[in-house]
Amino acid sequence: MAEGVVSEAAAALVELRDATKSYGAVRALRDGNLALRPGEVRALVGENGAGKSTLVKVLGGVVRRDSGDMLVDGQSVDFHSPHDARDAGIAVIYQEPTLFPDLSIAENVVMGYHPLGSFKRIDRGAMNGQVQGLLDRLGVKLDPERPVRGLSIADQQIVEIAKALSFDARVLIMDEPTAALSGAEVERLFAVVRTLREHGAAVLFISHRLEEVFTICDTVTVMRDGAVVQDARIADMTPDEMVRRMVGRELSTLFPKQDTAIGAPVLKVHRLTCEGVFVDISFSVHAGEIVALAGLVGAGRSEVARAIFGIDKPDAGHVEIDGRRLPAGKPLTAMRAGIGFVPEDRRQQGLVMDLSIARNATMTRMRALSRLGIIGSGAENRLAREWATRLRLKFHRLENPVRFLSGGNQQKVVLAKWLATEPKVLILDEPTRGIDVGTKAEVHRLMSELASHGLAVLMISSELPEVLGMADRVLVMHEGRLTAELSRADADEESVIRAATGHVGEVAA
Amino acid sequence: MQPDTAASASTAATPGTTDAPAQRLADRARAAVGRWEALLVALILATFIFGQSVSSEFLSADSFTTGSLDLSEVALMALALTLVIVAAEIDLSVASVLALSSALMAALWNQGLPLEFIMPICLVAGALCGAFNGWLVTGLGLPSLAVTIGTLALFRGLAYVVIGDESVTDFPATWTDRGFGNFAGTFVPNTMVLFAILAVAFGVLLHATPFGRSVYAIGANEEAAHFAGLRVKRVKMTLFVLAGTVAALAGIVISLRNSTAAANVGLGFELTAITAVLLGGVSIFGGRGTIVGVILALFLLGAIQKAILLSETISSYWVQIVTGALLVGSVLGPNLAARVTEARRRRPPQRPKEGPR
Amino acid sequence: MNVEATPAPGPAVGEGAGARRLTEWVFRVRELGIIAALALLIAVTAILEPRFIESDSLRNLALNASIFAILAAGQTLVIITRNVDLSVGSVLGLSAFLAGDLLSGNQDLALPVVFVLGIALGAACGLLNGVLVTWGRVPALVVTLGTLYAFRGIAFLWTDGRQVNAETLPDAFLNLGTDSVLGVPFLVLIALVVVLAVGQWLRDYRAGRELYAIGSNPEGARLAGVRSDRRVLSAFVLAGALAGLGGVLFTARFGTVDATAGTGYELTVIAAAVVGGVAIFGGTGSVYGAALGALLLGTITSSLIVLRVEAFWQQASIGALLLLAIALDRFVGLRVDAALRRRSSRRAA
């Protein structure tokens with residue numbers, strides 16, 4: 001099933017053969033085949049939920065495979081804990097921070113392997129010196145004795161890499177390390193990765209940014225639906241081909257965009273500023289219009305959305321709906337004024353995973369559903385069922401917790417929750433992240449349909465095709481500032497990326 | 001439905017929720033024994049059988065009366081605490097508020113105020129204590145566990161400041177009879193009628209109102225609740241005020257019931273009340289539990305207490321041991337059941353062959 | 001891998017030293033703050049009532065705080081791992097009665113044997129707590145609330161209404177509670193040794209540092225290969241053992257023991273740790289801070305007595321102090337966080 005296998009002379013440092021892993025009835029990983037050779041930077045790509053994280057966890061000793069073989073230097077091994085993986089020279093840098101905020105950088109690096117002095121006491125001098133040496137080798141100026149609390153994500157990753165260096169890891173696995181980095185920080189990371197490669201280490205690099213994959217990687221493993229579907233040299237692949245492998249179908253069916261009549265401005269954002277996060281953001285969204293807010297991760301887009309909805313209080317500026325100014329920092333008022341907000345993190349912010357579909361879908365309408373202060377479960381279920389039908393939600397029972405739904409269906413519940421409030425403005429932060437292709441198309445069709453009914457839509461997206469396909473207007477942010485406003489005609493890949501990376505002058509919104 | 005297998009798998013595998021599959025199995029295990037409430041009913045029945053076997057007096061109106069009277073105040077406080085714990089907070093200060101209310105009652109009575117005046121003042125004082133807790137938690141963002149350990153000492157201390165080690169025992173008989181007596185010629189104590197009214201009120205509040213829905217949402221995921229426009233701080237504040245008010249009411253009840261108001265009443269009641277709540281199936285992490293479960297847990301605790309007290313062979317000290325064991329067992333049981341199911345379902349990974357091949 | 005040098009893009013300004021100084025300063029201030037509060041309290045009390053600094057009075061103060069300091073040291077170990085042990089008071093009660101019962105039944109029993117048995121009983125209780133928390137996956141609050149009852153119930157069953165009196169205990173044992181070595185009461189010496197030993201273990205040994213790691217980021221600790229369950233278990237066992245030691249010392253100090261010994265201690269002990277800067281959600285704090293917290297709480301009680309402030313204010317002031325401590329910690333913590341972030345972003349810019 002794996003096509004075009006790379007033939008390498010060198011023996012694999014670590015190899016996974018036909019590994020499988022199930023959680024309950026769900027098969028998260030099957031046909032897990034992967035080999036990492038010295039001096040190789042291998043990309044691991046696939047859509048969210050394709051099984052990349054599970055594969056990484058198996059390699060890192062966090063979860064045990066149900067079947068299949070794992071070999072280190074050709075020898076069969078069985079990791080029982082992250083400890084074992086570490087002893088085998090495998091270091092994993094996870095997406096979620098795994099550092100200890102209360103402890104110093106040095107302690108974070110050597111945790112469990114502190115250099116010891118007399119009476120097995122920790123030799124702090126040696127520890128700090130050793131870590132200082134590692135940081136110097138990585139070319140960063142960080143004090144090993146400062147606590148990790150307050151470090152930027154990029155610096156935290158440097159600490160993680162120092163940790164890997166500290167035990168001479170031969171295999172470094174990085175799970176989306178660039179997701180939250182700025183351009184300069186990505187460059188610094190790549191410089192480190194190249195040096196590691198030159199010294200014979202193997203790197204497994206997971207990223208959603210294909211341009212990065214083509215910049216830094218030698219080989220690629222593509223996963224889809226829990227299985228490895230391709231193993232190839234980067235040189236033999238094109239980005240289009242890679243995407244096709246990942247999604248398993250052509251992309252042409254995506255992004256249906258209807259032309260709609262643009263109405264009066266509904267949402268006006270006036271000189272919104274939050275110190276150190278975003279500065280002087282002004283724009284408006286009209287009825288029937290889809291405005292995309294583009295930019296790199298960390299540019300401050302989600303923070304702007306949060307401030308508009310009142311989750312965070314801005315330091316200056318204000319938001320108007322239909323010409324009426326909203327008080328700052330009051331989500332309920334924003335909601336009543338007609339804003340709906342589908343947040344970035346569906347699992348943590350969009351839904352209460354333990355509550356039922358019905359409860360989640362009607363959470364914004366509880367007061368309207370109650371008579372004399374009592375909620376009738378009949379009314380609740382009717383409303384939930386109505387929206388479930390309209391959004392073609394796939395579910396067993398409305399009483400089931402939403403966590404049993406797939407990502408796409410979960411997103412539909414979030415949408416139902418906000419559409420039930422009959423909003424005038426809908427803010428969607430990464431509306432199709434981590435959901436399957438079919439549902440993605442449905443969400444896009446729905447957005448288009450809603451706009452045609454006069455809804456003003458503000459969409460934040462990191463996927464360029466989505467931005468270009470859906471938006472009537474594209475606003476681009478770079479490091480907390482609006483750097484461009486592009487009409488549908490002017491917006492193309494190049495113009496958006498230039499603005500997102502700060503290569504254009506300021507454009508008045 | 002065609003589940004998006006891979007997506008839900010990555011859900012299960014996210015670090016930080018690595019126990020999710022186990023937790024899910026634990027849920028299923030709980031569902032397998034029927035609901036938790038069904039298990040509590042079974043335990044109550046078992047206790048009835050046991051109780052009747054140790055003493056023929058067990059299943060009598062009289063033992064219900066005396067048994068339920070002893071638990072009155074804990075039962076009242078457990079109702080309000082249920083909501084607090086469902087919202088993923090905790091209030092350890094309730095028994096101290098109870099004492100402060102009792103002390104206030106004694107002091108004001110000594111001043112010559114009529115009880116009809118004193119009781120509303122006590123309730124307001126309780127509400128203020130709750131508001132103070134609520135302000136420290138929502139306003140200053142302090143953890144409620146630490147806050148209410150502090151106010152546990154503070155409010156109890158204030159109770160001593162108010163009345164010292166005196167006690168007041170000369171409340172008018174009309175009122176103390178109400179506290180001690182039964183309801184309109186039945187064997188049901190008045191305090192139980194009060195409990196029943198409040199139980200219905202809190203049950204409706206938690207299970208059938210927007211407020212109650214908010215409590216569950218906040219307890220299960222505070223951030224998501226905030227993002228859905230729920231007023232998290234206001235809800236939590238209200239819960240602490242409710243807990244304080246009900247605790248003050250319990251203070252009035254205990255003073256009238258025992259015809260004694262003092263600062264040292266109800267020592268350690270907070271732990272008994274929390275035990276009842278947790279035993280009732282409310283998750284200490286919030287977001288889960290029902291008022292019915294807590295009521296059943298209170299019945300169970302009362303029945304066990306009464307049965308052991310009536311028994312002539314079993315030392316009354318067993319009450320504490322059984323209570324503690326039940327509390328731990330109520331969480332341990334489902335966890336272990338899930339463990340067993342998991343182990344049985346999962347095939348061990350194929351052992352790698354030894355040595356090079 | 002072996003990396004010698006990699007290019008460092010962008011200017012990197014040395015920010016670390018400042019950040020380190022800031023946090024170190026805050027950390028020191030936390031403990032110095034308690035010492036200052038303690039000194040102030042003693043000074044004010046001494047000025048108002050000179051008898052307070054007579055050796056007898058200070059001696060009593062130190063004796064009273066000693067047992068709490070030992071318990072607070074154990075509690076700190078558990079709280080640092082993001083757990084809590086509410087059962088310490090009950091464990092102390094069990095071991096106190098064990099010591100009393102053994103010695104009144106057999107006057108010639110070697111004292112070390114009593115200590116070992118008392119500590120072993122405590123450790124066994126801690127082991128049960130720890131096993132239920134780690135292997136049983138039951139939240140520590142639930143487990144130790146349950147064992148608070150269960151252990152107390154067992155103490156009542158065992159004593160069956162009996163009381164051990166000072167007259168039935170050997171003098172050698174009771175002298176432990178009153179004797180001094182070079183003017184320092186023996187009990188205080190034991191507390192000092194325990195606090196220093198546990199403090200050093202926590203500060204300078206891998207196992208100790210791993211406790212901080214677990215409390216600071218439990219998932220991170222697991223991924224870093226820390227054997228969390230084993231460490232948490234050991235924290236509970238140690239806390240239990242120290243509660244057991246506290247129980248034996250309780251009997252030596254007070255001579256009279258019944259089943260209620262140590263009732264309600266759990267909250268005072270937790271309060272002492274929190275006042276001493278141990279964060280209730282783990283990851284930060286030291287045994288020294290906790291011991292100082294215990295001393296401060298004890299001193300407040302003593303000075304109020306000496307000042308003949310109505311005894312009734314004691315508890316209220318302890319509660320107020322605890323609230324003040326956590327509110328201040330929160331305030332300072334927010335400030336330090338903001339400062340660290342500013343430094344970090346300034347460097348990045």
Side-chain angles (χ1 to χ4, degrees), chain A residues 23-24 26-28 48-51 53-54 57 62-70 74-78 94 96 98 225-226 311 331-332 334-335 341 343 347-355 359 363-364 366-367 370 373-375 394-396 403-409 417 434-436, chain B residues 1-18 20-21 23-25 27-28 204-205 207-214 216-231 234 283 286-288 342 345-357:
Chain A
Y23 294 103
V26 181
R27 293 199 96 183
N48 282 331
S53 290
T54 306
K57 287 200 179 103
V62 178
V63 299
R64 288 179 74 187
R65 64 192 189 284
D66 296 335
S67 67
D69 287 320
M70 177 144 54
Q75 304 280 319
S76 259
V77 291
D78 204 7
Y94 293 95
E96 297 80 7
T98 61
D225 298 335
I311 297 290
L332 186 63
M335 182 179 125
F341 180 31
R347 295 165 37 76
Q348 194 52 39
Q349 302 167 338
L351 294 168
V352 182
M353 301 300 276
D354 286 333
L355 291 187
R359 292 268 180 108
M363 196 173 283
T364 53
M366 291 189 303
R367 256 161 236 287
S370 53
I374 305 289
I375 296 182
K394 291 179 198 140
F395 64 99
H396 271 305
R403 65 158 183 252
F404 293 126
L405 296 178
S406 69
N409 281 308
K417 173 168 84 175
I435 65 181
D436 58 287
Chain B
M1 143 183 161
Q2 161 72 35
D4 177 352
T5 48
S8 38
S10 72
T11 294
T14 310
T17 57
T18 35
Q23 188 56 51
R24 221 172 293 165
L25 280 165
D27 292 348
R28 252 180 253 162
V204 170
L205 183 66
H207 296 297
T209 66
F211 181 82
R213 298 285 153 94
S214 309
Y216 277 106
I218 290 167
N221 183 343
E222 185 174 329
E223 193 178 5
H226 187 49
F227 271 79
L230 304 184
R231 280 179 289 194
R234 184 184 291 196
S283 162
R288 235 175 300 170
E342 168 107 348
R345 191 183 46 74
R346 189 200 310 186
R347 276 181 308 135
Q350 289 161 4
R351 302 295 305 183
K353 295 183 190 80
E354 295 298 325
R357 32 187 137 170

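Every residue two or more places apart in sequence or in another chain that forms a ring-ring contact (aromatic ring centres under 6.0 Å, His included) with A:F341 is listed here: A:F309, B:F227. Considering only residues two or more places apart in sequence or on other chains, B:E222 meets the side chain to side chain contact (heavy atoms under 4.5 Å, CB included) condition with B:I218, B:V232, B:K236.
Looking at B:L205, neither its backbone nor its side chain comes within 4.5 Å of chain A, counting heavy atoms on both sides.
The two atoms that bring B:A224 and A:V352 nearest to each other are CB-CG2, 3.9 Å, heavy atoms only. Taking both residues in full, the closest heavy atoms of A:P331 and B:H226 are given as CG-CE1, 3.8 Å, listed atom of the first, atom of the second, then distance. In terms of heavy atoms, B:A220 sits closest to A:D354 at CB-CB, 4.4 Å. A:G373 and B:P210 get closest at one heavy-atom pair: O-CD, 3.4 Å.
Among the candidates A:L351, A:T364, A:I311, the residue making the largest number of heavy-atom pairs closer than 4.5 Å to chain B is A:I311.
Going from atom CG of A:L332 over to atom CZ of B:R234 covers 8.0 Å, rounded to the nearest 0.5 Å.
With a 4.5 Å cut-off on side-chain heavy atoms, A:M353 and B:N221 do not count as touching. The side-chain heavy atoms of B:R213 and A:M363, taken from C-beta on, include no pair separated by under 4.5 Å. At a threshold of 4.5 Å between non-hydrogen side-chain atoms, the residues B:T209 and A:M366 do not count as touching.
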